[in-house]
Amino acid sequence: VQLQASGGGLVQTGGSLRLSCAASGRTFSMGWFRQAPGKERDFVAAISRSGAMTPYADSVKGRFTISRDSAKNTVYLQMNSLKPEDAAVYYCAARHPNWLSATMNDNDYDYWGQGTQVTVSS
């Protein structure tokens, strides 16, 4: 399983970015996590295989939206109203295909993509 994340960049406070994560092979429940320098990796959002479950971290609710295009095996993270505290390396991850649900625990994810850097200038 290969996950290819893209879409990071530099944006001003209040701006928007859309991250993409393309997965090879089958459809997975997938999640986005982020890690800022000197901090632990945190959950951001996830989406179940069907797309019916989309949990979010409290810090991003109302600003970020996760979605998927199953035909393209791609998951997106639309990030609006970005804040300096959103700056981090963002990682996409996928659960084993046997698992249908989306979870907030990074230990539940079996496959990880390379990170994409998001920088928010104040």
Residues forming a ring-ring contact (aromatic ring centres under 6.0 Å, His included) with Y56, sequence neighbours excluded: none
Could you tell me which residues satisfy ring-ring contact (aromatic ring centres under 6.0 Å, His included) with W112, sequence neighbours excluded, listed by chain and number? F33
Is it the case that the side chains of S24 and N73 hold a donor-acceptor pair, with the cut-off being a distance below 3.5 Å and no angle test? no
Not counting sequence neighbours, list each pair that qualifies as a side-chain hydrogen bond (donor to acceptor under 3.5 Å, both in side chains) and has a residue in residues 113-122. none
Among residues at least two apart in sequence or on other chains, which ones pass salt bridge (Lys or Arg N to Asp or Glu O under 4.0 Å) with [X]?
{"X": "D108", "result": "none"}
{"X": "R26", "result": "none"}
{"X": "R18", "result": "none"}

Ring pair (Phe, Tyr, Trp, His ring centres under 6.0 Å) pairs touching residues 60-84, sequence neighbours excluded, are none
For Q78, all residues meeting side-chain hydrogen bond (donor to acceptor under 3.5 Å, both in side chains), sequence neighbours excluded: N80
In chain order, what residues pass the side-chain hydrogen bond (donor to acceptor under 3.5 Å, both in side chains) check against Y109, with sequence neighbours excluded? none
Side-chain hydrophobic cluster, 4.5 Å single linkage: members besides L10: none
Residue pairs, two or more places apart or on separate chains, that pass salt bridge (charged side-chain N to carboxylate O under 4.0 Å, His left out) and touch residues 37-57: R41-D106
Pairs meeting criterion salt bridge (charged side-chain N to carboxylate O under 4.0 Å, His left out) with involvement of residues 60-72, two or more places apart: D58-K61, R63-D86
